[in-house]
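Read the structure below first, then the notes.
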Amino acid sequence: QVQLVESGGGLVQAGGSLRLSCVANGFALQDHYAIGWFRQAPGKERAGVASFIDNTEETFYAAPVRGRFTMSVDEKKNTVYLDMNDLKPEDTGVYYCATVTSYVLHVLLASEYHFWGQGTQVTVAS
């Protein structure tokens, strides 16, 4: 059974940092095509933040987080991380990790992903 469990969210002041973790259970990360981080702010659609493509080892970032967020993968621990620096109030939302087993064209599009974690709340105070 595929399971993704996020952790590491919390309340932080603007300009601060957080590290999110996502542990994969029931499958090996390298067996899926892509794993991504997404976020959903109140009243808004779920949006892509970053995505790692396993066979090319490329990471793609959404424009609003590029240069501030870094996604990394530890295949030995079957865990992905999202290091978030210089956080802004507009980064507030529930952060999810998700995977997809086969090729997708739009790797930052939430509807392309099949398996989702329960999410972790990130709140950035101004």
Side-chain angles (χ1 to χ4, degrees):
Q1 180 181 358
V2 173
Q3 187 182 35
L4 298 166
V5 181
E6 304 97 333
S7 62
L11 173 63
V12 64
Q13 294 293 316
S17 299
L18 280 175
R19 170 177 252 206
L20 305 184
S21 300
C22 172
V23 179
N25 297 312
F27 71 102
L29 286 173
Q30 59 263 39
D31 290 341
H32 282 205
Y33 176 76
I35 183 160
W37 285 99
F38 297 81
R39 67 186 181 188
Q40 189 164 18
K44 295 190 176 180
E45 292 187 357
R46 197 167 296 187
V49 174
S51 179
F52 174 79
I53 311 305
D54 185 76
N55 62 355
T56 62
E57 297 188 346
E58 294 176 282
T59 306
F60 296 89
Y61 295 94
V65 308
R66 205 169 292 146
R68 300 187 296 123
F69 290 12
T70 302
M71 181 177 180
S72 58
V73 179
D74 185 334
E75 291 188 344
K76 289 183 179 179
K77 295 183 178 180
N78 223 29
T79 300
V80 296
Y81 303 96
L82 185 68
D83 288 294
M84 306 186 294
N85 298 309
D86 189 24
L87 282 160
K88 306 175 186 297
E90 52 264 40
D91 294 318
T92 293
V94 179
Y95 283 68
Y96 301 88
C97 63
T99 68
V100 60
T101 56
S102 56
Y103 172 82
V104 296
L105 180 60
H106 304 290
V107 296
L108 291 175
L109 186 62
S111 60
E112 299 273 43
Y113 286 72
H114 301 148
F115 303 101
W116 291 84
Q118 83 289 349
T120 185
Q121 176 71 44
V122 171
T123 303
V124 184
S126 57

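One-based numbering along the sequence shown.
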Heavy-atom side-chain contact between [X] and [Y] under 4.5 Å:
X	Y	result
Gln3	Phe27	no
His114	Val100	yes
Phe60	Met71	no
Leu87	Phe69	yes
Met84	Leu20	yes

Nearest-0.5 Å distance, [atom1] of residue [X] to [atom2] of residue [Y]:
X	Y	atom1	atom2	value
Gln30	Glu75	CD	CD	4.5 Å
Arg19	Thr70	CZ	OG1	10.0 Å
Tyr33	Ser51	OH	OG	8.0 Å
Ser102	His32	OG	NE2	9.5 Å
Ser111	His106	OG	NE2	8.5 Å
Leu29	Asp31	CG	CG	9.0 Å

So which atom in [X] and which in [Y] form the shortest heavy-atom distance, rounded to 0.1 Å?
X	Y	result
Tyr103	Leu105	OH-CD1, 3.4 Å
Thr101	Phe115	CG2-CE1, 3.8 Å
Leu18	Val12	CD1-CG1, 4.1 Å
Thr123	Gln121	OG1-NE2, 3.3 Å
Leu11	Ala125	CD1-CB, 4.2 Å
Leu4	Gln118	O-OE1, 3.5 Å

Mind checking whether [X] and [Y] sit in one hydrophobic cluster, side chains of I, L, V, M, F, W, Y counted as touching below 4.5 Å?
X	Y	answer
Tyr61	Val122	yes
Val49	Phe52	yes
Val104	Val2	no
Val73	Leu82	yes

Query - Aromatic ring proximity, centroids under 6.0 angstrom, Phe38 and Tyr113 - result: yes

Query - Flag, side chain of Glu6 to backbone of Cys97, donor-acceptor distance under 3.5 Å - result: yes

Query raised in the report: Would you find a donor on one side and an acceptor on the other, under 3.5 Å apart, between the side chain of Thr79 and the backbone of Lys77?
Result: yes

**Report entry** Chi angles and distances behind the side-chain hydrogen bond (donor to acceptor under 3.5 Å, both in side chains) call for Tyr95, Arg39
**Finding:** CA-CA 4 Å; Tyr95 283 68; Arg39 67 186 181 188; 2.9 Å; yes

Requested in this report: Could you tell me how the ring of Tyr96 sits relative to the ring of Trp116: parallel (under 30°), tilted (30 to 60°) or perpendicular (over 60°)?
Outcome: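 Taking Trp116 first and then Tyr96, their aromatic rings stand perpendicular (interplane angle over 60°).
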
**Report entry** Among Val80, Thr120, Val5, side-chain contact (heavy atoms from CB on, under 4.5 Å) partner for Cys22
**Finding:** Val80

Query - Positive for salt bridge (charged side-chain N to carboxylate O under 4.0 Å, His left out) with Arg68, one of Asp83, Asp86, Asp91 - result: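 Looking at Asp83, Asp86, Asp91, the match for Arg68 under the salt bridge (charged side-chain N to carboxylate O under 4.0 Å, His left out) is Asp91.
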
